[in-house]
2 protein chains.
Amino acid sequence: MAEVAALAGVSTMTVSRALRDPSTVTDGTMRRIRSAIDATGYVPNRIAGSLASRRSNIVGVIVPSLRNSLFAETIQGIADALGSAYDLMIANSGYSLPGEETAIRAFLAQRVCGIVLHNARHTRESTDLLREAGIPCIETGNLVSRPIDMTIGFSNREAARAMTAHLVARHYRRIGFVSLPVRENDRAAERRAGYLAALAEAGIEVDPSLVLESPPGLRGGAEALVTLMALSPRPEAAFLTGDVLAVGALLEANRRGWSVPGDIAIAGSDDNELHSQVSPPLTSLRFPRYEIGRLAGVMLLERLQGNTRAPAIVDLGFEIVERASV
Amino acid sequence: MAEVAALAGVSTMTVSRALRDPSTVTDGTMRRIRSAIDATGYVPNRIAGSLASRRSNIVGVIVPSLRNSLFAETIQGIADALGSAYDLMIANSGYSLPGEETAIRAFLAQRVCGIVLHNARHTRESTDLLREAGIPCIETGNLVSRPIDMTIGFSNREAARAMTAHLVARHYRRIGFVSLPVRENDRAAERRAGYLAALAEAGIEVDPSLVLESPPGLRGGAEALVTLMALSPRPEAAFLTGDVLAVGALLEANRRGWSVPGDIAIAGSDDNELHSQVSPPLTSLRFPRYEIGRLAGVMLLERLQGNTRAPAIVDLGFEIVERASV
DNA sequence: TTGAAAGCGGTACCAG
DNA sequence: CTGGTACCGCTTTCAA
């Protein structure tokens, strides 16, 4: 920068100002600075800038896994909302709470200006660190009643309850439920709770053999369906929630020649294009993943710029997309 | 840090050293520093550290889109290889070359210690910036003959050529080809070139009406297949490469009752679990996306730590996974 | 509108 | 093994 300043015949202060707000500098000065920048190939050093100004333009995002396109939706939403004024630092917790804590520490050390989390459960340390950091923090994976700072999303419990109730309303009584393992996964736990609540409301007794956990992936869903179909009496419907479990189950039914919903009705969650393209198309829960990210970005910006203390809890809801599989 | 040093009764220098390499400090000193850190809740400031040491622990990754799980695979590979010693900064180019350049500038300003790109084509400015930055840079989306620095991946052209040749070997002569739009997408362009090369080698004349471009997504593939099937004479096989086009095509065939491969053989690329679970399972090209990322991370580490000037071009190849759709 | 001086919170380097 | 002293490259603050 000193080089640029010398070449433009001004002080570094003027260059610094010109770069951040061209309107504070004379047109002629600005032009000389510009050409000096071109001539020297100057690339500003944001590290120095951040240190001096004590603020950064980096937003930290922590997701359980990078591989899963669900999280990618949200990340894209955040990126779109933040535009090019902020950079995204992304870490994955590996679906573990200590993993999340490690990432939080790294982000705090990097002095990110805001953090977006997917988990709604954290280690005690994580919560403390975040509270004391004094930066905006948004939890997105599950609507929590008492967020660290802000939370945007939907209630996994309500969503699962609604879908189960939907199946009950369609006169299914014996309904299988498959989720990802609930341990260390608050979303899965909440969904199971929603399923149980809906059954209780409908006065249907829970058959524990109908409640399964499955590893993620199409195969996981396929195998869970086979397990359910081997029971006697068979369930009339299966609600597979999490990842692509329901799609996996449907494809298995296709392979085995089981009629859907004739032999077994299938409902899923995390609706995406795949759900509408399989045969029969799958009834499923639609979650506003992208919108959650976008809004998280917008709220972050508001806090970062205007200091508007936005509402702390935003429920973006969910939607039941009815198709032919139920 | 000054606070920690005071509390531990040592200089800041000692704290700094203790944090980076505990073995350079007495056990007793280390203990006192540790408890001082706990007592004060000190969170190191990497911004200051990076500025002073003139090196950062941030690796920048630029992908066309965050939404696509293909790129997510590679990113996860990088993250796994780098471990917790480095942080990942991620930007998306929005599939545009200027978008990529913007991201590169931002990363360079952030003084990342290394960059991983998906694109193999860049703006002139991008290339210049990268060359002058003096940091390791890995291009991964397509094996280039003259990389900016290093390239890891596979040849899109060779892969498409191999699959087309595979179809020819199976006695298909009239072979449709569908890719994403080739403009601004070097991977798609290369694949088309590979298809054309294979036909030429087999002495099959190209029918331009068999060569299509499609928007991404299952619907894109479905519509492309319908277009191909409306031709007369119909093609005997269709090679859809890019995104999930082939899966979309197969699901459309399922819906329309077209027999695969009886009425039309279908081959795809970017094999994943879905390809093996549909009916019939899809023959497709498998690309080592995760491995590309992992190796990129490893090579970055080597350069960053040991200064081993690793080979600049690493071809990880591809594989044809034969299933029942061809 | 522009400039000079004093840090931001660490680390490099050298001395003890 | 530990400490002192310059900086890293920019921004803040205040003065011109």
Side-chain angles (χ1 to χ4, degrees), chain A residues 1-34 36-37 40-58 85 87 105-113 133-135 304, chain B residues 1-34 36-37 40-58 85 87 105-113 133-135 304:
Chain A
M1 188 179 218
E3 198 184 343
V4 174
L7 224 165
V10 294
S11 73
T12 60
M13 221 20 261
T14 304
V15 176
S16 173
R17 264 192 299 256
L19 253 30
R20 279 173 303 157
D21 184 0
S23 72
T24 58
V25 174
T26 316
D27 275 9
T29 308
M30 191 67 216
R31 250 203 328 281
R32 295 209 313 285
I33 291 179
R34 279 225 182 290
I37 287 178
T40 57
Y42 170 70
V43 178
N45 185 331
R46 275 206 170 289
I47 294 191
S50 294
L51 181 61
S53 65
R54 301 138 150 295
R55 72 186 111 74
S56 84
N57 64 330
I58 302 175
D87 290 315
R105 280 184 194 286
F107 282 169
L108 257 25
Q110 217 66 250
R111 295 296 188 269
V112 297
C113 63
I135 57 174
L304 258 20
Chain B
M1 186 177 220
E3 198 184 341
V4 173
L7 224 164
V10 294
S11 73
T12 60
M13 228 11 265
T14 303
V15 176
S16 172
R17 265 193 300 255
L19 253 32
R20 280 174 302 157
D21 184 358
S23 73
T24 58
V25 174
T26 316
D27 276 9
T29 310
M30 191 65 216
R31 250 201 328 281
R32 294 210 313 286
I33 291 179
R34 279 225 181 293
I37 287 177
T40 56
Y42 169 69
V43 179
N45 185 332
R46 276 209 170 287
I47 294 193
S50 294
L51 180 61
S53 66
R54 300 137 151 296
R55 70 186 114 73
S56 83
N57 63 330
I58 302 175
D87 290 314
R105 279 184 195 285
F107 282 169
L108 258 26
Q110 217 67 248
R111 294 296 189 270
V112 296
C113 62
I135 57 174
L304 258 20

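Everything quoted here is computed from the prediction, not taken from an experiment. Within every chain, numbering begins at 1; the chains are lettered A, B, ... in the order of the sequence lines, protein sequences first and strands thereafter.
- Closest-nucleotide positions on DNA chain D for A2(A) and R17(A) were compared, and the one nearer the 5' end corresponds to A2(A).
- Residue T24(A) has no polar side-chain atom (N or O) positioned under 4.0 Å from OP1 or OP2 of dT1(C).
- Atom CG of L51(B) and atom P of dA12(C) are 12 Å apart (whole Å).
- Looking only at distances, no side-chain donor or acceptor of S50(B) sits under 3.5 Å from a matching main-chain atom of I47(B).
- Going from atom CG of D21(A) over to atom C1' of dT1(C) covers 12 Å, rounded to whole Å.
- Distance, M1(A) CE to dT2(C) P: 14 Å, rounded to whole Å.
- The side chain of R20(A) contributes an N or O atom lying less than 4.0 Å from OP1 or OP2 of dT12(D).
- An OP1 or OP2 oxygen of dC10(D) is reached within less than 4.0 angstrom by no side-chain nitrogen or oxygen of R46(A).
- In this structure, R32(A) contributes its side chain and A8(A) its backbone to a donor-acceptor pair below 3.5 Å.
- The shortest distance between the side-chain N/O atoms of R55(A) and the OP1/OP2 oxygens of dC10(D) is not below 4.0 Å.
- Atom CG of residue N57(B) and atom CZ of residue R46(B) lie 4.0 Å apart, to the nearest 0.5 angstrom.
- For dG9(C), the OP1/OP2 oxygens have no side-chain nitrogen or oxygen of T12(B) closer than 4.0 Å.
- Checking the phosphate oxygens (OP1, OP2) of dT2(D), a side-chain nitrogen or oxygen of T29(B) falls inside 4.0 Å.
- With respect to T14(B), the side chain to side chain contact (heavy atoms under 4.5 Å, CB included) criterion is satisfied by exactly one of T29(B), L19(B), T24(B): T29(B).
- We find that CD1 of I47(A) is positioned 15 Å from C1' of dT11(D), with the value rounded to whole Å.
- Atom pair L19(A):CG and dT1(C):C1' shows a separation of 17 Å (rounding to whole Å applied).
- Here the side chain of A48(B) is nearest to one of dT2(C), dG9(D), dG9(C), namely dG9(C).
- Considering only side-chain N and O atoms, T14(A) lies under 4.0 angstrom from the phosphate OP1 or OP2 of dG3(C).
- Summarising the geometry, the separation between CG on N45(A) and C1' on dC8(C) is reported as 13 Å, rounded to the nearest angstrom.
- The M13(A) side chain lies nearest to dA5(C) when the options are dG9(C), dC10(D), dA5(C).
- Between the side chain of S56(B) and the backbone N or O of R111(B), at least one donor-acceptor pair lies under 3.5 Å.
- Across dG3(D), dG10(C), dT11(D), the shortest atom-to-atom separation from the side chain of Y42(B) is found for dG10(C).
- Residue R54(B) places no side-chain N or O under 4.0 Å from the OP1 or OP2 atom of dC10(D).
- The CG atom of L108(B) sits 10.5 Å away from atom CG of N45(A), with the distance rounded to the nearest 0.5 Å.
- Here dG7(C) is the nucleotide among dC8(D), dG7(C), dT1(C) with the atom lying nearest to any side-chain atom of A52(A).
- Contact check, R111(A) against dC8(C): no side-chain N or O comes under 4.0 Å of OP1 or OP2.
- For S53(A), whose side chain is taken as the heavy atoms from C-beta onward, the closest listed nucleotide among dG3(D), dT12(D), dT1(C) is dT12(D).
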